[in-house]
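Below: the structure, in structure tokens.
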Amino acid sequence: AKNRGKDQVVVFDGAMAGTAKRRMDDEIALARAITDEQLVLHYQPIIALDTGRPVGAEALVRWHRPGHGMQAPDRFIPMAEESGLIVDLGRWVLHQACRDAAGWPHQAPIMADASVSVNVSARQLTHPRFLADLQTALAETGLAPERLILEITETALISEPEAAMETLHAVRACGVQLALDDFGTGYSSLSYVQKLPATILKIDKSFVDPISGPGAGTALSEVVVKLAEAIGMRTVAEGVESPEQATALRLLGCHRGQGYTWSRPVPNAELREVAMRLAG
Ligand code: C2E
Ligand code: CA
Ligand code: CA
Ligand code: CA
């Protein structure tokens, strides 16, 4: 028993050290990815449900990690947030998305007014340099502020509600739009949501999943659309995977949709073709 106890301790220590080392290797690799141009943005079209036409796209980051293939954000964004690398990563994403979107009007007339949505993490938003970085990105790329939408989550605002709120008002003052992402999955109170200077509410995929057609499985998303209407916000449904879901959401009064039924996220170079197909 003594021996076994000893072995277990050794195995445990070894596993812990291995995990810590892997963790550090991952962080060093991610830090390098930001400077070595291993990150790439894909864009997922956002569709106006009444016309069926694309009106914007959401920027979603991917990491071409040497020896590991293409990594989805769920594999490295949490690590970036915990380590603080999200500030540099987020600054790169914001700048690249503004640059790409500034080029869309030249790619296709249909995308002349298209907005670009960018995910912003809490640590990025509350960083002292965030507003300056935002203004630099807009100035250097020439993107009209009205074409930029920042997506923030409820949970992201909880840690420093006062500081976050101040920044959000300053963002709006620049002419940039705000969307509340993953609505319904957080814990903040409705009165707090109502105080946010956001004009767009993104209905989380978990509310869209149960919808099988008009009137079928729509109870929760109907509540969210009604709530958004009541507080004067526009709605975007995410994770729309079927034409039946798109129809049901349109009938509920949801304004926009995003999901595999129209397009998966695609590289910027392919966005023009996808937008032209969707425009018909
Ligand atoms: P999100 O903001 O909720 O983004 C939507 C996610 O749902 C994307 O996954 C997208 O590819 C996926 N999706 C879209 N339509 C469908 C559909 O019809 N069916 C299904 N099953 N999935 C769909 P992705 O690209 O893996 O991104 C995951 C999350 O990573 C994002 O969730 C966002 O929270 C985060 N993220 C992505 N890019 C960035 C970034 O640049 N900065 C920050 N801070 N977070 C990011
Ligand atoms: Ca998002
Ligand atoms: Ca979302
Ligand atoms: Ca989501």
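Just so you know, ligand 1 is whichever comes first in the structure, and atom 1 is the first atom listed for that ligand.
Taking every non-hydrogen atom of Pro265 and a distance limit under 4.0 Å, the qualifying atoms of ligand 1 come out as 11 (O). Every atom of ligand 1 is numbered from 1 in the order shown, and the set under 4.0 Å from a heavy atom of Glu58 is 2 (O), 4 (O). Atoms of ligand 1 lying under 4.0 Å from at least one heavy atom of Glu238, given by number and element, are 3 (O). Interface atoms of ligand 1 facing Asp182, defined by a heavy-atom separation under 4.0 Å, are 3 (O). Close contacts between ligand 1 and Gly259 involve ligand atoms 15 (N), 18 (O) [criterion: under 4.0 Å to a heavy atom]. Close approach to Val61 involves these atoms of ligand 1, each under 4.0 Å from a residue heavy atom: 38 (N), 39 (C), 40 (C), 41 (O). Every atom of ligand 1 is numbered from 1 in the order shown, and the set under 4.0 Å from a heavy atom of Asp74 is 28 (C), 29 (C), 30 (O).
Both Val120 and Val93 belong to a single network of hydrophobic side chains, linked directly or stepwise wherever heavy atoms of I, L, V, M, F, W or Y lie under 4.5 Å apart. Under the 4.5 Å side-chain heavy-atom criterion for grouping Ile, Leu, Val, Met, Phe, Trp and Tyr, Met111 is not connected to Ile149 through any hydrophobic cluster. A chain of hydrophobic side-chain contacts below 4.5 Å, direct or via other Ile, Leu, Val, Met, Phe, Trp or Tyr residues, connects Val116 to Leu271.
The shortest N/O to N/O separation between Gln44 and ligand 1 falls below 3.5 Å. Of the N or O atoms in Gln124, none lie within a sub-3.5 Å distance of an N or O in ligand 1. Checked against a 3.5 angstrom limit, the closest N/O atoms of Ala72 and ligand 1 fall outside it. Checking only distances, Tyr260 does come within under 3.5 Å of ligand 1, N or O to N or O. Taking distance alone, with nitrogen or oxygen atoms compared against 3.5 Å, Glu241 approaches ligand 1 more closely than that limit.
The option from Asp209, Ile86, Leu60, Asp181 that lies nearest to atom 31 (C) of ligand 1, judged by heavy atoms, is Leu60.
Under 4.0 angstrom from ligand 1, there are no non-hydrogen atoms of Arg264. Under 4.0 Å from ligand 1, heavy atoms of Asn119 appear from its side chain as well as its backbone. In His42, neither the side chain nor the backbone holds a heavy atom less than 4.0 Å from any atom of ligand 1. Within the 4.0 Å heavy-atom criterion, neither part of Leu41 lies near ligand 1. At a heavy-atom distance under 4.0 Å, no atom of Asp204 approaches ligand 1.
Rounding to 10 degrees, one finds that the Ca ion (ligand 2) sits at the corner of an angle of 90° between Glu151 OE1 and Glu58 OE2. Angle OD2(Asp181) to the Ca ion (ligand 2) to OD1(Asn119): 90° [nearest 10 degrees].
With Ser263 contributing its side chain and Gly259 its backbone, the two residues share no donor-acceptor pair below 3.5 Å. Within the 3.5 Å criterion, the main-chain N or O of His127 finds no donor-acceptor partner in the side chain of Arg123. With hydrogens and angles disregarded, a donor-acceptor distance shorter than 3.5 Å links the side chain of Gln245 to the backbone of Ile211. Between the side chain of Arg272 and the backbone N or O of Gln107 there is at least one donor-acceptor pair closer than 3.5 Å.
Heavy-atom separations between Arg62 and ligand 1 include at least one value shorter than 4.0 Å. Under a 4.0 angstrom heavy-atom cut-off, Glu81 registers as lying outside contact with ligand 1. Assignment of Gly239 to the shell around ligand 1 is supported, since a heavy atom sits closer than 4.0 Å.
Across all non-hydrogen atoms, the minimal contact from Arg91 to Asp133 is NE-OD2, 2.9 Å. In terms of heavy-atom proximity, Met233 sits nearest to His255 at O-CE1, 4.4 Å.
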Inset, instruction - Please report the C-alpha distance between Lys202 and Glu58 in whole Å, then the side-chain angles of each, then the deciding distance to 0.1 Å, and finally whether the salt bridge (charged side-chain N to carboxylate O under 4.0 Å, His left out) criterion is met. - result: CA-CA 12 Å; Lys202 291 197 84 169; Glu58 178 176 2; 3.0 Å; yes
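Side chains of Tyr43 and Asn268: a donor-acceptor N/O pair is absent below 3.5 angstrom, by distance only.
Note on Arg22 versus Asp26: no salt bridge recorded, every NZ/NE/NH1/NH2 to OD/OE distance being 4.0 Å or above.
Applying the ring-ring contact (aromatic ring centres under 6.0 Å, His included) test to Phe207 and every residue at least two apart in sequence or in another chain returns nothing.
More than 12 heavy atoms of other residues, nucleotides or ligands lie within 6.0 Å of CE in Met70, so this atom counts as buried by the packing criterion.
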